[in-house]
2 protein chains.
Amino acid sequence: MKEVKQRSTCPVSTSLDVLGDKWTLLIIRDLVFGGKSTYGQFLQSAEKIATNILADRLALLETHGMVTKVVASDKKSKFIYHLTEKGIDTVPILVALLLWGTRHGSTAIDPGLLNELQTEPDAAIARYQRLAREKTQVPFP
Amino acid sequence: MKEVKQRSTCPVSTSLDVLGDKWTLLIIRDLVFGGKSTYGQFLQSAEKIATNILADRLALLETHGMVTKVVASDKKSKFIYHLTEKGIDTVPILVALLLWGTRHGSTAIDPGLLNELQTEPDAAIARYQRLAREKTQVPFP
DNA sequence: TTTTTTACTTGCAATTTGCAAGTAATTCAC
DNA sequence: GTGAATTACTTGCAAATTGCAAGTAAAAAA
């Protein structure tokens with residue numbers, strides 16, 4: 001597995017050491033906003049990530065403690081990915097990227113979600129973080 | 001020059017099409033927080049960007065309308081880079097990355113700046129955006 | 001028992017990155 | 001005025017990464 005080298009002690013730089021590529025944050029987007037949590041679901045997203053890249057990024061996210069991987073309760077051949085607190089803590093980054101993208105690109109997004117994020121960003125961030133947190137709760141522990 | 005292909009209409013994805021690499025946002029960081037504005041100054045940053053990558057990213061940033069390049073008033077052989085409004089609008093992304101980095105990595109940063117960003121993030125963002133905007137004002141137009 | 005689902009792995013060509021060295025127009029020092 | 005810096009890149013090339021297509025393997029479904 002590719003090791004992550006820290007280029008400097010600048011916090012922007014160290015964040016980009018982990019998140020600075022075209023795919024990692026899209027997987028987290030799918031987990032937070034897409035209601036997705038399995039390898040097969042991530043593959044179906046509009047950006048068409050290659051299977052080897054997806055496997056690599058999921059392994060990296062796990063290595064970095066951003067996601068956990070558990071066997072699905074209904075099928076032994078299925079794995080469910082959930083965000084850890086470290087992963088959930090990237091939601092403000094996702095939202096900042098989303099808002100910049102809507103202001104400076106040709107994009108399409110659910111108007112309700114956009115309105116919520118534009119008018120009450122902090123509340124919306126907290127809500128999506130809470131939702132992500134709830135998903136990690138096991139139904140019958 | 002490398003063209004940027006839009007992978008989908010998702011605003012997170014379109015933002016990452018432009019900003020999703022390890023160097024672009026570091027150049028903007030230098031412009032916003034580092035008081036830097038020339039090729040030579042960007043080269044001196046702690047992360048040691050390669051000269052060809054820097055030239056490539058600066059050209060891309062210019063192509064995307066995020067920075068402008070003007071001849072320095074004192075030297076014809078020197079160029080000054082300034083952020084456009086589109087570039088200044090990435091400051092919330094930078095701040096989100098900075099805060100995540102401080103929470104989940106071994107980083108070092110000026111305690112005054114960190115405190116300002118942690119306690120009054122919105123005011124701090126507005127302040128750095130205003131500072132960046134002022135830099136684009138020509139002394140004697 | 002055969003087929004399908006699910007999650008990957010492998011091989012390989014193409015692209016991107018990173019390092020080192022080279023170029024070219026100014027500007028500085030004397 | 002001339003030779004040495006400065007400033008901003010460009011070029012060549014090896015190494016690493018990406019992306020595509022095909023293959024594998026365990027479990028589940030038919």
Side-chain angles (χ1 to χ4, degrees), chain A residues 1-8 13 16-27 30-31 34-64 67-82, chain B residues 1-8 13 16-27 30-31 34-64 67-82:
Chain A
M1 173 62 57
K2 146 180 81 175
E3 92 286 3
V4 171
K5 63 159 174 256
Q6 185 166 323
R7 292 172 295 172
S8 78
S13 171
L16 291 174
D17 288 340
V18 176
L19 304 172
D21 78 285
K22 299 217 183 296
W23 295 110
T24 302
L25 284 166
L26 287 187
I27 296 171
D30 284 350
L31 285 161
K36 301 183 180 178
S37 56
T38 67
Y39 185 92
Q41 289 177 321
F42 300 137
L43 279 185
Q44 288 162 26
S45 290
E47 294 83 11
K48 297 295 165 204
I49 189 171
T51 57
N52 55 341
I53 306 290
L54 176 57
D56 178 78
R57 294 304 188 278
L58 285 172
L60 269 176
L61 283 170
E62 222 188 330
T63 298
H64 290 137
V67 303
T68 54
K69 178 186 182 181
V70 294
V71 178
S73 51
D74 57 333
K75 279 188 188 182
K76 261 197 295 189
S77 63
K78 202 160 100 182
F79 296 99
I80 310 288
Y81 291 90
H82 283 306
Chain B
M1 173 61 57
K2 146 180 82 174
E3 92 287 0
V4 170
K5 64 159 176 257
Q6 185 165 326
R7 293 171 294 172
S8 78
S13 171
L16 291 173
D17 288 339
V18 176
L19 303 172
D21 77 286
K22 299 217 182 295
W23 296 110
T24 302
L25 284 166
L26 287 187
I27 297 171
D30 284 351
L31 285 162
K36 301 183 180 178
S37 56
T38 68
Y39 185 91
Q41 290 178 321
F42 299 138
L43 278 185
Q44 288 162 27
S45 289
E47 294 83 11
K48 297 295 165 203
I49 187 170
T51 57
N52 55 343
I53 306 289
L54 175 57
D56 179 76
R57 294 304 189 277
L58 284 172
L60 269 176
L61 283 170
E62 222 187 330
T63 298
H64 290 137
V67 303
T68 54
K69 179 186 182 180
V70 295
V71 178
S73 51
D74 57 333
K75 281 187 187 181
K76 262 198 294 188
S77 64
K78 203 161 98 182
F79 296 100
I80 310 287
Y81 291 92
H82 282 306

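All values below come from the heavy atoms of this structure, side chains included, with hydrogens, waters and symmetry mates left out. A quick note: this is a predicted structure, and the numbers were derived from the prediction, not measured. In the text below, chain A, chain B and the rest are named by the order of the sequence lines, each starting its count at 1.
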Whole angstrom value for the distance that separates C1' of D:dA28 from NZ of A:Lys78: 11 Å

Side-chain N or O of B:Trp23 less than 4.0 angstrom from OP1 or OP2 on C:dT17? no

Using a distance-only criterion (donor-acceptor N/O pair, under 3.5 Å, no hydrogens), is the base of C:dT6 paired with the side chain of A:Thr38? no

Distance in angstrom units between A:Leu16 CG and C:dT17 P, rounded: 14 Å

Using atom OH of A:Tyr39 as one end and atom P of C:dT5 as the other, report the distance to the nearest whole Å. 16 Å

So if I take every side-chain heavy atom of A:Lys76 and compare against C:dA21, C:dT26, D:dA28, which nucleotide ends up nearest? D:dA28

Check the distance between C:dT6's C1' and A:Ile80's CD1 and give it to me in whole angstrom. 11 Å

Specify the separation, in whole Å, of atom CG of A:Leu54 and atom P of C:dA7. 10 Å

Between A:Asp74 and A:Ala50, who's closer to the 5' end of DNA chain D by nearest nucleotide? A:Ala50

Sole residue of A:Arg7, A:His64, A:Lys5 in side chain to side chain donor-acceptor pair (under 3.5 Å) with A:Asp17: A:Arg7

Counting just side-chain N and O atoms, does A:Tyr81 come under 4.0 Å of either OP1 or OP2 of C:dA7? no

From NZ of B:Lys5 over to P of D:dG19, roughly how many Å is that when rounded to an integer? 7 Å

What is the distance, rounded to the nearest whole Å, between atom CG of B:Leu60 and atom C1' of C:dT17? 14 Å

Without swapping roles, check the side chain of B:Tyr39 against the backbone of B:Thr51 for a donor-acceptor pair under 3.5 Å. yes

Please report the closest heavy-atom contact between A:Leu58 and A:Val67, naming both atoms and the distance. O-CG2, 4.3 Å

B:Asn52 vs B:Gln41, nearer the 5' end of DNA chain D by closest nucleotide: B:Gln41

Keeping B:Lys76 on the side-chain end and B:Val71 on the backbone end, is there a donor-acceptor pair under 3.5 Å? no

Short side-chain N/O contact to C:dC8 OP1/OP2 from A:Lys69, under 4.0 Å: yes

Side-chain N,O (A:Arg57) to OP1/OP2 (D:dT18) below 4.0 Å: yes

Quick check on D:dT7: is either OP1 or OP2 less than 4.0 Å from any side-chain nitrogen or oxygen of B:Lys75? yes

Without decimals, in angstroms, what is the distance between B:Asp56 CG and C:dT15 P? 15 Å

I want to verify a distance call: between C:dT17, D:dC9, C:dT9, whose nearest atom is closest to the B:Ile53 side chain? C:dT17

If you look at every heavy atom in A:Leu31 and A:Lys36, which pair is closest and at what distance? CD2-O, 3.3 Å

